[in-house]
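Down below is the structure, laid out as structure tokens.
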Amino acid sequence: MMKWNKSSRLFKTAGRYIPGGVNSPVRAFRNVGGSPLFITRGKGSKIFDADGNRYIDYVASWGPLILGHAHPSITRAILKVIAKGTSFGAPTEQETELARLIVQAVPSIEMIRLVSSGTEAAMSAIRVARGYTGRDRIIKFAGCYHGHSDGLLVKAGSGATTFGTPDSAGVPRDYARNTIVLSYNDSEALSRCLRKDGSKVAAIIVEPVAANIGLVLPEPGFLKTLRKLSHQDGIVLIFDEVITGFRLGYGGAQEYYGIRPDLTCLGKIIGGGLPVGAYGGKREIMEKVAPLGPVYQAGTLSGNPVAVAAGIAMLKELRKPGVYVRLARKGEKLASALAAASEDSGIPARVNNLGSMFSIFFGIEEASNYEQVLKSDRELYRRFFWAMLERGVYLAPSPFETAFVSLAHSESDLDFTIEKIIETFRIIKT
Ligand SMILES: *Cc1c(COP(=O)(O)O)cnc(C)c1O
């Protein structure tokens, strides 16, 4: 049996000073019970906790660490700039380099603004869409998470789902009123909504692949319909690619599916494990952003030199040939092992997989929207999670999160994980 005494002690102390002992709610293990692990270091595919246990990590800091922990290229890039000063509040050449790399990579982005988180990126993209169209309403889809800004915390996924409080306290009714929530993959509902209110809608924001309720794929034609209908009504289509950007391919989900949104939100991977977000898109829309235009958005640490250096090093690794084929092969290997384990053990489960992302939903057959996902068996996930953790595999402490494979996961890591999956399915059966 693994010992977690030191982590539990650290968690108790943290709770005296920090609400719930964590700085982001999903870290608190509420959805699987028990006490979170305190991590002391990571290297490649592994993380190490305060009690000295070692795990193969499939959380990857919730998505950013596509090269694994402490990748030498990123560490080197950070060390190289950090001694020259950590923030100037004035432009640096490296910001242009990261911006150029992103513009060259992502098909629809002509101009881009760097911010410090995905939340800021989504919040700012919405503001720009409103400023550009002169309209107030936005459409989002149930279970899609776009950060924690007021108007977007309406039926959000991720941590908000975990706690069963999709509508946060403290969000003014007037804010939420301008957010229309529709069901993911429901083109019909969207079409009906736009026939009535299309001319009042500033933006449709969507995760092109929903990855904050576990992994839920867009059905064929869904994204295309979004593109077509938003275009018809002069609505700004925003792809929130904070997870899928540089994850699903070097050009993100929009390249993968061949659909060009008007604006794109990025985060996670583009910071190489440091805080960076970005929003960008059509020049005509981005020229509305201050100081060029009337839409205000700013940030003391935006384009921070250390974070930008990490981001540049990350993208330079990811544009090497063969990266995404290798990633997808690893993701598919684990996903098929999960599906096979479910089949062999007679424990019904739905496994969703795309590239290096996957998730398992126990006890349901279909997982193509939020409503279906909520019917999955959480108790079974809880048992699965703890049995895997005991065996040295660190999965997300919630059934409503996506697992991420990195380039650092070796074949032997994957084989080890599969062995543990098979063992675990035997145990949770009873
Ligand atoms: C993580 C995430 C965000 C929020 O990013 P933060 O950096 O946590 O603020 C926004 N949108 C999506 C799709 C995300 O996965």
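We count residues from 1, following the sequence as given. Numbering of ligands and ligand atoms starts at 1, following listing order. Worth knowing before you read on, the calculation uses all heavy atoms, side chains too, and leaves out hydrogens, waters and symmetry mates. Keep in mind that this is a model prediction, so the values were computed, not measured.
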Verdict with reasoning, Leu182 to Cys193, per side chain to side chain contact (heavy atoms under 4.5 Å, CB included): CA-CA 9 Å; Leu182 300 175; Cys193 168; 4.2 Å; yes
Please identify which atoms of ligand 1 are closer than 4.0 Å to at least one heavy atom of Ser117. 7 (O), 9 (O)
What's the shortest distance from atom 9 (O) of ligand 1 to any protein heavy atom, and which residue and atom give it? Thr119 OG1, 2.6 Å
Ligand-side contact atoms (ligand 1) for residue partner Asn212, heavy atom cut-off under 4.0 Å: 12 (C), 13 (C), 14 (C), 15 (O)
Counting from 1, what ligand 1 atoms have a heavy atom of Glu207 closer than 4.0 Å? 13 (C)
How far is atom 7 (O) of ligand 1 from the closest protein heavy atom, and which atom is that? Gly118 N, 2.9 Å
Measure the distance from atom 11 (N) of ligand 1 to every protein heavy atom, then report the residue, atom name and distance (to 0.1 Å) of the closest one. Asp240 OD2, 2.7 Å
For residues 109-131, which residue pairs pass the side chain to side chain donor-acceptor pair (under 3.5 Å) check, not counting sequence neighbours? Arg113-Gln297
Drop me the distance from Asp197's CG to Asp233's CG, to the nearest 0.5 angstrom. 10.0 Å
Looking at Lys46, I'd like to know if its NZ atom is crowded, meaning that more than 12 non-hydrogen atoms belonging to other residues, nucleotides or ligands lie closer than 6.0 Å. yes
is_close_aromatic(Phe29, Phe385), centroid dist under 6.0 Å: yes
Quick check with a 6.0 Å cut-off and a 45 degree axis cone: is Arg319 positioned over the face of Tyr250's six-membered ring? no
Pair Glu97 + Lys316, salt bridge at N-O below 4.0 Å: yes
I need the contact type for His146 against ligand 1. Using non-hydrogen atoms and a strict under-4.0 Å cut-off, is it side chain, backbone, both or neither? backbone
Proximal atoms of ligand 1 relative to Ile243 (non-hydrogen, under 4.0 Å): 15 (O)
Nearest heavy atom to atom 2 (C) of ligand 1 wins, so pick from Glu120, Met123, Lys268. Lys268
